[in-house]
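Every chain is numbered from 1, with letters handed out A, B, ... down the list of sequences. As the structure is a prediction and not an experimental result, all values here were calculated from the model. Heavy-atom basis, side chains included; hydrogens, waters and symmetry copies ignored.
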Amino acid sequence: MAPVTRFAPSPTGFLHIGGARTALFNRLFARHLGGTFRLRIEDTDKQRSTPEAIDAILEGLEWLGLSWDDDVIYQSARAERHREVALQLLESAKAYRCYATPEELAAMREKARAEGRPPGYDGRWRDRDPAEAPAGVDPVIRFKAPREGEQTIEDLVQGFVTVANRQLDDMIILRSDGSPTYMHSVVVDDHDMGITHVIRGDDHLTNAFRQRQLYEAMGWPVPAFAHIPLIHGADGAKMSKRHGALAIGAYRDEGYLPEALRNYLLRLGWGHGDEEIISDAQAVEWFDIANVGKNPARFDFAKLDSLNAHYLRQRDDESLVAALEVRRTARGESGFSEEQAGRLRAGMESLKQRAKRLDDLEAASQVYLAEPPITYTEQAVKLLTPDALGHLAGLRALLEACDWERSELEAATRQFAEEIADPPLKLGKVAQPLRAAITGSKVSPPIFEVMEILGRESCLTRLDSCLEGKIFST
RNA sequence: GUCCCCAUCGUCUAGAGGCCUAGGACGCCAGCCUUUCACGUUGGAAACACGGGUUCGAACCCCGUUGGGGACGCCA
């Protein structure tokens with residue numbers, strides 16, 4: 001039977017990196033086996049769920065290229081069905097009404113903890129006569145879980161995990177206001193949606209034991225479970241905003257490519273021999289949940305950057321120009337002029353070689369976008385010594401006579417440095433000040449390429465204003 | 001506190017008893033390339049947490065210690 005997996009985020013925050021990986025693994029697992037990957041929004045906490053968060057999750061998944069099958073299921077819309085199942089459990093005596101107050105529960109927990117017992121509900125209403133119910137208290141419905149013995153789950157990632165039933169208490173499935181709890185809704189929805197494999201974060205491992213009891217009480221087939229380790233921050237502690245638990249949109253804004261993020265996330269906690277660069281097709285072909293490691297992985301921006309740089313170089317120039325334009329217009333700025341776009345297309349091949357992220361690329365592309373008078377970095381100013389300016393003045397005439405094509409410009413500059421200058425200079429002695437004069441910076445793509453793309457007029461204007469001493473530093 | 005899980009270079013990992021004087025990648029260092037910065041390329045430093053077993057033989061199996069992480073809500 002073809003598997004059905006799902007990603008089930010709760011829209012109480014934004015889609016973060018850990019959720020993105022969970023979605024990726026679910027999707028790869030399903031695709032590898034020719035199954036279905038579904039999406040369910042767990043918006044049962046109406047206080048904390050927001051429409052903005054739902055949009056952010058949907059957009060984040062789309063941006064990352066993690067499309068899902070079928071319609072999105074909203075858990076909140078299914079409350080009636082959840083209630084129905086809870087009542088069914090109540091009727092068959094697999095659940096019962098509990099009248100314990102929140103204060104009572106808190107005291108219970110504290111006492112248990114103090115006595116070294118597992119904290120949790122003690123089952124005081126489990127077998128009590130409902131006639132004893134206090135007046136004016138709305139009861140919750142609790143699931144009657146086995147008290148004795150132990151149970152074992154064969155987790156696809158964690159292996160065999162055994163837990164004593166006394167560690168688990170009778171969980172609430174329906175609140176006193178009649179709304180279903182998460183623990184209950186998940187089971188009903190997963191069953192109704194035909195989920196065969198529940199792949200989710202490690203933090204749900206203990207939930208699996210309770211949820212399985214519910215499946216069994218209903219006589220439903222129990223899905224396979226796979227609990228993948230959480231992602232940690234660079235310091236090994238739990239993920240926080242400081243080290244990567246950012247909304248997925250933040251990665252986009254910083255200029256990460258979805259394909260790079262996918263590749264990075266895939267390799268976090270999973271490997272296929274020595275493979276590092278893995279295409280989407282290979283990922284689908286190779287992915288096996290059993291190969292996911294059990295130990296939590298730390299998030300490493302340096303490695304993400306290097307992967308991103310790789311995929312950036314792999315992108316075609318045209319798509320990168322388009323990506324840069326999107327960033328501009330997203331900020332409310334105008335798009336590129338014909339001339340700017342043309343320059344960027346021409347220069348992109350060497351520009352992208354020098355960038356790790358789109359924001360780097362954007363910064364570097366300024367050489368082709370800035371209009372004179374340009375501003376000079378401090379280091380560029382330092383290169384433009386009186387001596388250097390003297391050389392540039394001499395070089396100007398040779399350049400002007402050129403065909404304005406990179407090899408000719410280089411030949412002219414080389415000729416000036418080696419044959420005309422007295423004493424003779426190394427090419428760099430002239431090329432560096434030339435770079436500073438034209439680009440306003442100490443670093444840039446190859447200077448003669450830049451000059452060719454910028455064109456004769458633009459370059460000579462820049463050179464002249466420089467020779468006139470109009471050198472303004474930032 | 002109770003329970004569960006984990007443990008190979010700084011980081012991600014390969015490794016499923018002899019192929020391991022432990023491989024790859026990122027990062028780091030050095031060389032080469034070079035008009036700068038990158039790219040590329042060559043080389044280098046860098047790990048089986050510790051202690052006991054089992055075995056002819058252990059990174060791999062068992063036990064313990066230590067160290068991490070997670071779960072214990074009328075949150076999801």
Under 4.0 angstrom, heavy atoms only, what part of the nucleic acid is A:Ala380 near: base, sugar-phosphate, or nothing?
nothing
With sequence neighbours excluded, what pairs up with A:Leu87 under the side chain to side chain contact (heavy atoms under 4.5 Å, CB included) test?
A:Leu90, A:Ile141, A:Leu174
Mind calculating the distance between CD1 (A:Ile54) and P (B:A76) to the nearest angstrom?
14 Å
For B:U13 and B:C4, measure between their P atoms and round to the nearest Å.
25 Å
5′-ward residue of the pair A:Asp202/A:Ser306 relative to RNA chain B:
A:Ser306
For A:Ile57 and B:A76, what is the distance between atoms CD1 and C1' respectively, to the nearest whole Å?
11 Å
Should we say atom CD of A:Gln314 is surrounded by more than 12 heavy atoms from elsewhere, each under 6.0 Å from it?
yes
Using atom C1' of each nucleotide, how far apart are B:U65 and B:A7 to the nearest Å?
13 Å
Phosphate OP1/OP2 of B:C6 contacted by A:Lys294 side-chain N/O (<4.0 Å):
yes
Using the P atom on both, measure B:G68 against B:U8 and round to a whole Å.
14 Å
Taking B:A30 as the reference, what is the distance to B:C39 when you measure between their P atoms (whole Å, please)?
15 Å
Within the structure shown, what part of the strands sits under 4.0 Å from A:Glu42 by heavy-atom distance: base, sugar-phosphate, or nothing?
sugar-phosphate
B/S/- along nucleotides 30-39 of chain B (protein heavy atoms under 4.0 Å) is -----BBBBS
Geometric class of the A:Tyr251/A:Phe301 ring pair [parallel <30°, tilted 30-60°, perpendicular >60°]:
parallel
If we call it a pair only when both distances are under 3.5 Å in a Watson-Crick or G-U wobble match, what pairs with B:A47?
none
Output all residues satisfying ring-ring contact (aromatic ring centres under 6.0 Å, His included) with A:His191, sequence neighbours left out; order by chain, then residue number.
A:Trp220
OP1 or OP2 of B:U8 under 4.0 Å from side-chain N/O of A:Asn295:
yes
Carboxylate-amine/guanidinium proximity below 4.0 Å for A:Glu405 and A:Arg456:
no
Between A:Thr12 and B:A76, is there a side-chain N or O to OP1/OP2 distance below 4.0 Å?
no
Taking the C1' atom of each, how far is B:A47 from B:C12, in whole Å?
13 Å
Once you round it to whole Å, what is the distance between C1' of B:A25 and CG of A:Asp274?
8 Å
Is it the case that the base of B:C74 and the side chain of A:Thr181 share a donor-acceptor contact (distance under 3.5 Å, atom types as modelled)?
no
Does a side-chain N-to-carboxylate-O contact under 4.0 Å join A:Arg40 and A:Glu42?
yes
In the strands shown, is B:G40 matched to any nucleotide by a Watson-Crick or G-U wobble pair with both distances under 3.5 Å, and which?
B:C32
Whether A:Glu150 side chain and A:Ala164 backbone form a donor-acceptor pair below 3.5 Å
no
Taking atom P in both B:C29 and B:A22, compute the distance separating them and give it to the nearest angstrom.
24 Å
Base paired to B:A71 (Watson-Crick or G-U; both N/O distances under 3.5 angstrom):
B:U2
Base, sugar-phosphate or nothing for A:Thr44? Non-hydrogen atoms, less than 4.0 Å.
sugar-phosphate
Base B:G70 paired with A:Asp203 side chain (donor-acceptor, <3.5 Å):
no
What integer distance in Å separates A:Ile278:CD1 from B:A25:P?
14 Å
Using the P atom as the point on both nucleotides, what is the distance between B:C6 and B:C63, in whole Å?
11 Å
Which class fits the ring pair A:His197 and A:Phe29: parallel under 30°, tilted 30 to 60°, perpendicular over 60°?
tilted
For nucleotides B:C20 and B:C62, find the distance between their C1' atoms and express it as a whole number of Å.
23 Å
How would you label the contact of A:Gly269 with the nucleic acid (heavy atoms, under 4.0 Å): base, sugar-phosphate, or nothing?
sugar-phosphate
